[in-house]
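Okay, so here's the structure we're looking at.
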Amino acid sequence: MRSSFGTAEAAQAAEREPRIPVVVDAPDPISRAGAVSELRRHPVIDLVDDDRNGPGTVALLINDHLDEGLLTRMRKLVRSDGSRAVLVVGTIRETELLDVVECGVGAIVWRHEATAHRMVRAVVAASRGDGDLPADLLGRLINQVGTLHRASAGHPGGAATGLTAREVDVLRLVSEGLDTGEIAGKLSYSERTVKNVLHGLTTRLHLRNRAHAVAYALREGYI
């Protein structure tokens, strides 16, 4: 009885939430149809056409493995279009994991675990800007970042010492007097992405504003 009540309560709560526009990108029609069939049953999901990519939309990308074509699509979706992205993948190497995270993808689902519940959870997390990684991938990411930190210790300009490569790119253009729109155009990002990059680094490093961030980057030898 308690279980049935909980299920009904969860369904009612889901119906009260705003629906999330979701685009499904898969390498073959069968994979796409399967994902669409699972997702359309959930009241919080609003399946839309590919041309709806943009701010507010979550792109669910499905593939057996990561390749340069998939990375390129993810970069465009997140950086240029301003979409959120969820990666459903069969395998991923440690050397590829940081590439995915640096693309702006914070939600990853193993393909063999891609149930409707698991995919919806990742979509909701992505739509909120939250991360959602399998436990084993999270451990691998922590280990990889730790390795990079040890390798870059004592070398000004290393990403792990304070600023990522993307943050350095944005600050270099800020130092040249470009505004948010101009920076977005130069780097093929959305304006929202540029704002998020600047907000993230100023918050993380306790910097007061853009000028303070540029001064920090100059002082530390990043630009």
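These figures come from a predicted structure and were not determined experimentally.
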Which distance, rounded to the nearest 0.5 Å, do you find between the CG of Leu205 and the OH of Tyr216?
5.0 Å
Heavy-atom closest pair, residues Val48 and Val23
CG2-CG2, 3.5 Å
Salt-bridge test for Lys186 and Glu176: reply yes if a basic N is under 4.0 Å from a carboxylate O, no otherwise.
no
Among all residues two or more places apart in sequence or in another chain, which pass the salt bridge (Lys or Arg N to Asp or Glu O under 4.0 Å) test with Asp25?
Arg73
Nearest 0.5 Å, what's the CD-CG distance between Glu167 and Leu201?
4.5 Å
Please report the shortest heavy-atom distance between Asp46 and Arg19, naming the atom on each side.
CA-NH2, 3.8 Å
Calculate, to the nearest 0.5 Å, the distance between atoms CD and CZ belonging to Glu38 and Arg118 respectively.
14.5 Å
Might you point out which heavy atoms bring Ala213 and Leu207 nearest each other, and give the distance in Å?
CA-CD1, 3.6 Å
What residues, two or more places apart in sequence or in another chain, satisfy salt bridge (Lys or Arg N to Asp or Glu O under 4.0 Å) together with Arg111?
Asp64
Indicate the atoms forming the closest heavy-atom contact of Val109 with Ala122, along with that distance.
CG2-CB, 3.6 Å
Set of side chain to side chain donor-acceptor pair (under 3.5 Å) partners for Ser190, sequence neighbours left out
Thr193
So, taking the atom named CG in Leu60 and the one named OG in Ser83, what distance separates them when rounded to the nearest 0.5 Å?
12.5 Å
Identify, with sequence neighbours excluded, every residue that meets side chain to side chain donor-acceptor pair (under 3.5 Å) alongside Asp67.
none
Provide the closest heavy-atom pair for Pro134 versus Trp110 in the form atom of the first, atom of the second, distance.
CB-NE1, 3.5 Å
Residue list, salt bridge (Lys or Arg N to Asp or Glu O under 4.0 Å) with Arg32, at least two apart or on another chain
none
Flag, side chain of Ser127 to backbone of Val124, donor-acceptor distance under 3.5 Å:
yes
When rounded to the nearest 0.5 angstrom, what is the spacing between CD1 in Ile183 and OG in Ser188?
13.5 Å
Using 0.5 Å steps for rounding, measure from the CD1 atom of Ile62 to the CG atom of Leu87.
9.5 Å
Filter on salt bridge (Lys or Arg N to Asp or Glu O under 4.0 Å), then keep only pairs touching residues 193-203, sequence neighbours left out; what's left?
none
Hey, are Asp169 and Arg172 close enough for a salt bridge, meaning a charged N less than 4.0 Å from a carboxylate O?
yes
Go through it in stages, so that I can follow the logic: the residues are Arg210 and Thr180, the test is side chain to side chain donor-acceptor pair (under 3.5 Å), and I'd like the CA-CA distance, side-chain angles, deciding distance and then a yes or no.
CA-CA 11 Å; Arg210 294 187 182 194; Thr180 301; 2.7 Å; yes
With side chains defined as the heavy atoms from C-beta onward, is the minimum distance between Ile20 and Arg128 less than 4.5 Å?
no
